[in-house]
Amino acid sequence: MKILNTMSRKKEEFVPVEEGKVKMYVCGPTVYNYIHIGNARPMIVFDTFRRYLEYKGYEVNYVSNFTDVDDKIIKRAIEENADASEISKRYIEECKKDMEGLNVRPATTHPLATEEIGGMIDMISTLIEKGYAYVSADGTVYYRTRKFAEYGKLSHKNIDDLEAGHREIKEVGEQKEDPLDFVLWKPKKDGEPFWESPWCEGRPGWHIECSVMAKKYLGDEIDIHAGGEDLIFPHHENEIAQSEAANGKTFSRYWMHNGFLNIDNRKMSKSLGNFFTVRDISEKYDLQVLRFFMLQAHYRNPLNFSAELMEAAANSLDRILTSADKLTRLLEVAPDKAMTDGEKADFASTDRFVEKFEASMDDDCNTADAITAVFELVRFINAGATADNSKEYIKALYDRLFTLCDVLGLKIEKKQETLDSEIEALIADRQAARKAKDFAKADEIRDKLLGMGIILEDTREGVKWKRA
RNA sequence: GGUGCUGUAGCCAAGUGGUAAGGCGUGGGACUGCAACUCCCUGAUCAUCGGUUCAAAUCCGUUCAGCACCUCCA
């Protein structure tokens with residue numbers, strides 16, 4: 001399996017630190033509001049990668065934090081005249097609901113920044129002892145960036161270019177030794193949450209949180225660190241500087257970054273009025289559609305979002321779900337027999353779809369390509385499977401489709417839904433009318449049901465209904 | 001200015017040296033009482049120009065267009 005490593009900018013064969021196990025850290029959201037659809041992209045793509053690693057037999061320790069102390073949260077708390085922890089708690093819960101809708105599995109651990117302050121103080125102390133950090137007069141602790149010789153190795157930036165850039169932005173009131181230095185610990189302001197520390201009452205800088213949480217839950221050297229491409233600099237660069245200086249080891253062997261999501265070809269932002277939360281989308285679509293939509297593109301490429309594209313994604317996904325539904329129906333009526341030799345050969349011929357799927361996923365998690373293998377399996381099913389096939393054969397096809405979709409995090413199980421007796425009676429009446437060739441009445445009933453939100457389809461396997 | 005990314009059929013999107021996957025949509029056909037579903041058929045020489053090569057969407061260079069990061073945005 002190959003992964004494009006941001007560090008080397010090359011596809012590298014994946015070799016975990018410990019055979020059979022993967023330690024993976026994905027930077028999570030700052031919880032000051034409902035998550036937006038841009039936040040959802042790394043959640044979806046890296047959840048999919050995790051699922052694939054598990055499919056391959058790896059034991060994955062997947063850690064994703066919630067940043068629950070931050071300027072934005074504090075700002076929101078002040079606006080609502082609430083406590084910052086109330087805000088973060090609320091949106092962590094809402095985020096988990098959205099993740100469930102997106103079928104993003106909970107991480108092995110979801111650490112909270114506010115519960116890891118002790119570890120942060122320890123790491124900052126270590127950095128000070130080793131000379132990688134210093135305390136300024138007001139108690140702010142800064143990282144001494146130039147002390148870390150490899151600074152810039154992930155983002156491939158030249159430290160002197162960076163410095164030149166910074167000089168044009170005069171930073172006022174800071175007591176840094178160097179403009180490149182960043183905050184590890186900052187003093188509290190009135191009304192802000194704070195913690196005791198050896199330097200001052202205050203709170204941690206953003207970057208130190210992830211270094212500490214990764215270390216605590218995964219160890220000094222992790223396999224994969226992932227997040228949005230905007231985090232490469234400065235966030236991940238700073239994490240490397242902190243962790244490697246403090247621990248004396250390579251922080252992460254592989255770095256994966258997803259591309260940005262644009263809206264109607266423009267960057268999503270509140271000021272442009274093209275800002276969508278996952279919750280907004282859930283009002284119109286099953287969130288599976290959003291998940292499918294994002295997996296149709298390669299995770300590293302920029303992806304454009306629009307209403308038309310969502311509609312197309314919904315139709316595409318329906319094609320898969322319809323096929324799965326057909327198998328479910330066939331399973332009910334198929335003769336309870338073992339596979340015939342012919343069926344065995346047919347089933348074996350679908351191995352090629354699984355092979356293609358795996359080859360695509362092995363190639364830097366190419367979900368867009370992997371999905372094509374699913375569609376090829378779908379066409380095979382739609383064209384070939386009938387009520388004459390044995391139950392064992394139908395079941396085998398279903399399991400195969402289920403397995404591939406499950407890696408992608410797409411649920412194909414039909415939700416167990418029951419109709420109320422009135423609707424069932426109407427469907428029965430319509431069937432009777434059709435049998436009597438009273439098509440006017442049959443159509444009338446079908447229209448009536450449509451008005452009630454029930455769509456009927458007369459398939460070879462019988463009458464099928466679905467909600468509009 | 002620095003560092004990168006992108007440009008493939010109406011739309012979306014794989015494919016990084018051997019003569020273009022897949023999906024949506026469109027049009028035609030089969031099936032169906034009709035509709036829907038499904039199946040079959042239907043489309044591009046890969047932004048531009050030039051070069052390397054027996055062979056390029058795929059490597060090198062040019063031009064054009066769009067985008068990102070370089071200020072705690074996934």
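Just so it is clear, the model here is predicted, and its values are computed rather than measured. Within every chain, numbering begins at 1; the chains are lettered A, B, ... in the order of the sequence lines, protein sequences first and strands thereafter.
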Nucleotide nearest [X] when distance is taken to its side chain, options [options]:
{"X": "A:Ala312", "options": "B:A35, B:A14, B:C24", "answer": "B:C24"}
{"X": "A:Leu303", "options": "B:A13, B:A14, B:C69", "answer": "B:A13"}
{"X": "A:Glu457", "options": "B:C34, B:C37, B:A74", "answer": "B:C37"}
{"X": "A:His36", "options": "B:U3, B:A21, B:A74", "answer": "B:A74"}
{"X": "A:Arg379", "options": "B:G23, B:A21, B:C72", "answer": "B:G23"}
{"X": "A:Asn315", "options": "B:G22, B:G25, B:A74", "answer": "B:G25"}
{"X": "A:Lys157", "options": "B:G23, B:C70, B:C5", "answer": "B:C70"}
{"X": "A:Asn258", "options": "B:C72, B:A13, B:A74", "answer": "B:A74"}
{"X": "A:Arg319", "options": "B:U38, B:C73, B:C37", "answer": "B:U38"}
{"X": "A:Trp206", "options": "B:C73, B:A14, B:A74", "answer": "B:C73"}

Base, sugar-phosphate, or nothing for [X], non-hydrogen atoms under 4.0 angstrom?
{"X": "A:Leu261", "answer": "base"}
{"X": "A:Leu456", "answer": "base"}
{"X": "A:Arg9", "answer": "sugar-phosphate"}
{"X": "A:Gly38", "answer": "base"}
{"X": "A:Lys11", "answer": "nothing"}
{"X": "A:Lys267", "answer": "base"}
{"X": "A:Arg352", "answer": "nothing"}
{"X": "A:Asn366", "answer": "sugar-phosphate"}

[Y]/[X] salt bridge by N-O under 4.0 Å criterion:
{"X": "A:Glu244", "Y": "A:Lys153", "value": "yes"}
{"X": "A:Asp71", "Y": "A:Lys189", "value": "no"}
{"X": "A:Asp429", "Y": "A:Lys441", "value": "no"}
{"X": "A:Asp178", "Y": "A:Arg144", "value": "no"}

Can you tell me the distance, in whole Å, between the [atom1] atom of [X] and the [atom2] atom of [N]?
{"X": "A:Leu231", "N": "B:A74", "atom1": "CG", "atom2": "P", "result": "7 Å"}
{"X": "A:Met294", "N": "B:A13", "atom1": "CE", "atom2": "P", "result": "13 Å"}
{"X": "A:Glu444", "N": "B:C34", "atom1": "CD", "atom2": "C1'", "result": "15 Å"}
{"X": "A:Asn382", "N": "B:C40", "atom1": "CG", "atom2": "C1'", "result": "13 Å"}
{"X": "A:Lys437", "N": "B:C34", "atom1": "NZ", "atom2": "C1'", "result": "12 Å"}
{"X": "A:Glu308", "N": "B:C24", "atom1": "CD", "atom2": "P", "result": "17 Å"}
{"X": "A:Phe233", "N": "B:C70", "atom1": "CZ", "atom2": "C1'", "result": "7 Å"}
{"X": "A:Asn301", "N": "B:U8", "atom1": "CG", "atom2": "P", "result": "12 Å"}

Please state the [atom1] separation for the pair [N] and [M] - nearest whole angstrom.
{"N": "B:G66", "M": "B:C60", "atom1": "P", "value": "24 Å"}
{"N": "B:U8", "M": "B:A57", "atom1": "P", "value": "15 Å"}
{"N": "B:U42", "M": "B:G7", "atom1": "P", "value": "27 Å"}
{"N": "B:A20", "M": "B:A44", "atom1": "C1'", "value": "8 Å"}
{"N": "B:G43", "M": "B:G28", "atom1": "C1'", "value": "14 Å"}
{"N": "B:A47", "M": "B:U62", "atom1": "C1'", "value": "13 Å"}
{"N": "B:U16", "M": "B:A21", "atom1": "P", "value": "14 Å"}
{"N": "B:G17", "M": "B:A13", "atom1": "C1'", "value": "22 Å"}

Sort out the partner of [N] for me: Watson-Crick or G-U wobble, both distances under 3.5 Å, none otherwise.
{"N": "B:C24", "answer": "B:G10"}
{"N": "B:U38", "answer": "B:A30"}
{"N": "B:U63", "answer": "B:A47"}
{"N": "B:A57", "answer": "none"}
{"N": "B:U16", "answer": "none"}
{"N": "B:U3", "answer": "B:A68"}
{"N": "B:C73", "answer": "none"}

Exercise. In this structure, which one of A:Asp364, A:Thr6, A:Asn366 forms a side chain to side chain donor-acceptor pair (under 3.5 Å) with A:Arg300?
Worked result: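 The option that passes is A:Asp364.
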Heavy-atom closest pair, residues [X] and [Y]:
{"X": "A:Pro187", "Y": "A:Cys200", "value": "CA-SG, 3.6 Å"}
{"X": "A:Thr67", "Y": "A:Asn65", "value": "OG1-ND2, 3.1 Å"}
{"X": "A:Met268", "Y": "A:Ile37", "value": "SD-CG1, 4.0 Å"}

Exercise. Would you find a donor on one side and an acceptor on the other, under 3.5 Å apart, between the side chain of A:Asp68 and the backbone of A:Thr114?
Worked result: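 Between the backbone of A:Thr114 and the side chain of A:Asp68 there is a qualifying donor-acceptor contact (under 3.5 Å).
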Exercise. For A:Phe375 and B:G22, is the gap between ring centres under 5.5 Å while the planes differ by less than 30°?
Worked result: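 By the stated criterion, A:Phe375 and B:G22 do not stack.
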Exercise. Under the 5.5 Å and 30° test, is A:Phe260 stacked on the base of B:A74?
Worked result: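 Whether judged by distance or by angle, A:Phe260 passes, so it stacks on the base of B:A74.
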Problem set entry | Position toward the 5' end of RNA chain B (nearest nucleotide), A:Glu311 or A:Thr322 |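 Counting from the 5' end, the first nearest nucleotide belongs to A:Glu311.
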Exercise. Of A:Gln296 and A:Glu376, whose nearest nucleotide on RNA chain B comes first from the 5' end?
Worked result: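 Going by which nucleotide is closer to the 5' end, it is A:Gln296.
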